[in-house]
Chemist: 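Take this structure first; my questions come after.
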Amino acid sequence: MKILREFVHEPKLFDKRHFSTLMLEKEPFKTCEITQGGYGILDNDFYVKRIANRGYHVFVFCLSGKAKLTMEDGSEFFLNQNEVFISTATGQGHKEEAYGDTPLEMIWFTVLETSTRIQLSFSDYSISTFEKGDLLKQYILELFKEDAYQDAKSFEAIGLYEQLFLITLERSLNWIEDIDNKWKRIKLAKLWETVTTRIDEPWSIEDLCSESNTSKAHLHRICKTVFNCAPGEKVRELKMDRAKFLLRNTFTTISEIAIAVGYDNPATFSAAFNKYCKMSPRKYRNQKAQH
């Protein structure tokens, strides 16, 4: 039996725009695990009910007007301009509704609880202030413009606006990287610098651990925390980035490029490149030569 995790009542007068499939499948939002969201100007006939333990976090940013929040335990709160309501995936059910004579202008989105970019430190809900509301609104509206226009550059522009939105979101909520993560990033920066200068080497996990003076488990944990990937995947990313540079900017043969980035067998390199870039090295080179 399907369980409805939310129920939405649309108002008679509203301007409500939802993230499109294209926007949700673009890498910044997809990597962040944003599942839905949008922008709205809503009158007081609007409300949405959400059940507890939904599996996704809810973010509601009040840009202007006012919203009323009624929690499952009977608590009631008002969300005013420049305030954000955040309900965790495991939090209690609640009702959000526009309140008062002034239309509620808001940005909202939901994020899967498995997201590694957005991780919450509380277990139920929070109401706090945020900054840079004008910028958040600007980037969201630009996203919708590009999604509607869709010329040759729109796909690229959507990714850039999504990244700007997420960066501004983190700064507006003062989500500054903690000292521990900063230390981990600095520690690994030296390792990746060494890997880059010796990119023609195979770099096994044992080599990485030896170079960074770290155990396998600890290195894996740091990489997942800071880069959201395993150490081997990060090495592959560095190798493929070098390969793309050589394919774009030199006449070096594909066999020579394979050796230059640490692959003894050109076929193995081509398979790895195809998996990473979704096209063969030759097709990538030909595409870039046409631009």
Side-chain angles (χ1 to χ4, degrees), residues 22-33 115-117 151-164 166-167 181 184-291:
L22 172 62
M23 292 160 68
L24 293 173
E25 290 182 350
K26 196 71 181 76
E27 204 55 43
F29 277 8
K30 182 178 180 180
T31 302
C32 193
E33 297 195 74
S115 173
T116 54
R117 179 159 183 172
D151 69 352
K153 288 292 183 180
S154 288
F155 192 65
E156 182 180 352
I158 287 172
L160 292 173
Y161 281 125
E162 287 185 358
Q163 190 70 340
L164 285 169
L166 290 172
I167 291 170
N181 272 0
K184 291 172 182 174
R185 194 179 293 277
I186 292 171
K187 180 178 176 66
L188 289 186
K190 181 66 176 176
L191 173 62
W192 304 137
E193 183 180 345
T194 302
V195 170
T196 301
T197 57
R198 292 157 48 192
I199 202 71
D200 59 325
E201 297 182 15
W203 288 105
S204 66
I205 187 65
E206 289 78 15
D207 294 332
L208 296 172
C209 291
S210 175
E211 188 66 38
S212 60
N213 193 27
T214 309
S215 70
K216 288 183 183 180
H218 191 49
L219 181 59
H220 183 85
R221 189 161 52 248
I222 293 176
C223 282
K224 291 297 287 186
T225 299
V226 179
F227 299 104
N228 193 30
C229 67
E233 292 172 338
K234 182 64 177 177
V235 171
R236 191 177 305 111
E237 177 186 322
L238 295 173
K239 287 180 177 290
M240 293 301 114
D241 284 347
R242 175 67 65 84
K244 288 193 291 185
F245 174 82
L246 294 173
L247 288 165
R248 282 196 311 266
N249 299 290
T250 75
F251 293 104
T252 309
T253 67
I254 291 173
S255 294
E256 290 171 332
I257 291 174
I259 294 171
V261 296
Y263 288 85
D264 293 334
N265 188 326
T268 304
F269 163 70
S270 294
F273 188 93
N274 191 62
K275 184 177 180 180
Y276 183 80
C277 297
K278 309 303 180 188
M279 66 178 72
S280 69
R282 191 174 306 281
K283 183 175 181 180
Y284 180 86
R285 170 171 272 173
N286 291 339
Q287 264 195 7
K288 296 303 174 182
Q290 295 170 6
H291 289 80

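Please read these numbers as outputs of a predicted model, since none were measured by experiment.
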Chemist: Below 4.0 angstrom, N of the basic side chain to O of the carboxylate: do E201 and R198 qualify?
Modeler: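 Yes, charged N to carboxylate O under 4.0 Å.
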Chemist: Can you confirm whether the side chains of D207 and S210 place a donor and an acceptor under 3.5 Å from each other?
Modeler: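 Judged by distance alone, the side chains do not pair up.
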Chemist: Flag the pair T250 / R285 as yes when at least one side-chain heavy-atom distance between them is below 4.5 Å, and no otherwise.
Modeler: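 Yes, side chains in contact.
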Chemist: Does a sphere of radius 6.0 Å around CG in D151 hold more than 12 heavy atoms from other residues, nucleotides or ligands, not counting ones at 6.0 Å or beyond?
Modeler: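 Yes, because the 6.0 Å sphere around CG of D151 holds more than 12 heavy atoms from other groups.
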Chemist: Taking C-beta and beyond as the side chain, do F269 and D264 meet within less than 4.5 Å on heavy atoms?
Modeler: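 They are not in contact (no side-chain heavy atoms under 4.5 Å apart), so the answer is no.
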Chemist: Regarding N274 and S280, is there a side-chain donor-to-acceptor distance under 3.5 Å anywhere?
Modeler: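 Looking only at side-chain atoms, S280 and N274 do not form any donor-acceptor pair under 3.5 Å.
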Chemist: Look at the side chain of E233 and the backbone N and O of A230, then say whether any donor-acceptor pair between them is shorter than 3.5 Å.
Modeler: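 Checked: pair present.
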Chemist: Is there side-chain contact between Y263 and K239, with at least one heavy-atom pair below 4.5 Å?
Modeler: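 Yes - at least one pair of side-chain heavy atoms lies under 4.5 Å apart.
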Chemist: Quick one: CG on L24 to CD on E33, what's the gap to the nearest 0.5 Å?
Modeler: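 Nearest 0.5 Å value for the CG-CD distance: 12.5 Å.
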Chemist: Mind checking the CG-NZ spacing from L238 to K234? Nearest 0.5 Å is all I need.
Modeler: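 Reported to 0.5 Å precision, the distance equals 5.5 Å.
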Chemist: With the threshold set at 4.0 Å, does a side-chain nitrogen-carboxylate oxygen contact exist between E237 and R242?
Modeler: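 So E237 does not pair with R242 through a salt bridge.
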Chemist: Can you tell me if T31 and E27 form a side-chain donor-acceptor pair at under 3.5 Å?
Modeler: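 Side-chain D/A pair, T31 to E27: present.
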Chemist: Find out whether K26 and K30 are in side-chain contact, i.e. whether some heavy atom of one side chain is under 4.5 Å from a heavy atom of the other.
Modeler: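 Not in contact.
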Chemist: So with a 6.0 Å cut-off around CG of N249, is the heavy-atom count from everything else above 12?
Modeler: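 Atom CG in N249 is crowded, with more than 12 foreign heavy atoms closer than 6.0 Å.
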Chemist: Provide the closest heavy-atom pair for K216 versus E206 in the form atom of the first, atom of the second, distance.
Modeler: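 For K216 and E206, the tightest heavy-atom pair comes out as NZ-OE2, 3.0 Å.
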Chemist: Report yes if some heavy atom in the side chain of F29 is under 4.5 Å from a heavy atom in the side chain of L166; otherwise report no.
Modeler: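 Side-chain contact under 4.5 Å: yes.
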Chemist: Please walk me through it: do V235 and L208 pass side-chain contact (heavy atoms from CB on, under 4.5 Å)?
Modeler: CA-CA 9 Å; V235 171; L208 296 172; 3.7 Å; yes
Chemist: To the nearest 0.5 angstrom, please state how far the CG atom of L160 sits from the CZ atom of F155.
Modeler: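 Here the interatomic distance stands at 11.5 Å.
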Chemist: Enter the distance from S270:OG to K283:NZ here, rounded to the nearest 0.5 Å.
Modeler: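 One gets 14.0 Å once the value is rounded to the nearest 0.5 Å.
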Chemist: Got W203 and T194 here, is their nearest side-chain heavy-atom distance under 4.5 Å?
Modeler: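 Of all side-chain heavy-atom pairs linking T194 with W203, at least one is under 4.5 Å.
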Chemist: Shortest non-hydrogen contact from S212 to L191?
Modeler: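 Where S212 meets L191 most closely, the heavy atoms are CB-CD2, 4.1 Å.
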Chemist: Verify the distance criterion only: is there a donor paired with an acceptor across the side chains of E256 and T253 at less than 3.5 Å?
Modeler: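 Yes, side-chain donor-acceptor contact under 3.5 Å.
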Chemist: How far apart are the closest heavy atoms of L22 and I158, and which atoms are they?
Modeler: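 Residues L22 and I158, closest heavy atoms: CD2-CD1, 3.7 Å.
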Chemist: Can you name the nearest heavy-atom pair linking P28 to G159, along with the distance?
Modeler: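 Nearest heavy atoms, P28 then G159: CG-O, 3.4 Å.
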Chemist: Mark yes when over 12 heavy atoms from residues, nucleotides or ligands other than K224 sit less than 6.0 Å from its NZ; otherwise mark no.
Modeler: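 Count over threshold, so yes.
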Chemist: Specify the closest pair of heavy atoms between V261 and A243, including all atoms of both residues, with the distance to one decimal.
Modeler: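 Looks like CG1-N, 4.0 Å.
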Chemist: Might you confirm whether atom CZ of R282 has over 12 heavy atoms from other residues, nucleotides or ligands at distances under 6.0 Å?
Modeler: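 Check fails, neighbour count at 12 or below.
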Chemist: Do L188 and L219 come close enough that some side-chain heavy atom pair is under 4.5 Å?
Modeler: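 A side-chain contact exists here, since the closest heavy-atom pair is under 4.5 Å.
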Chemist: Evaluate the side-chain proximity of I254 to L247: yes if any heavy-atom separation is below 4.5 Å, no if none is.
Modeler: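 The answer is yes, as the side chains (C-beta and beyond) meet within the 4.5 Å cut-off.
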Chemist: Just verifying a value: how many Å separate I257 CD1 and L246 CG, rounded to the nearest 0.5 Å?
Modeler: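 Result: 5.0 Å between the selected atoms.
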Chemist: Considering all heavy atoms of both residues, which atom of F273 and which atom of M279 are nearest to each other, and what is their separation?
Modeler: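 Looking at all heavy atoms of both residues, the shortest contact is CD2-O, 3.3 Å.
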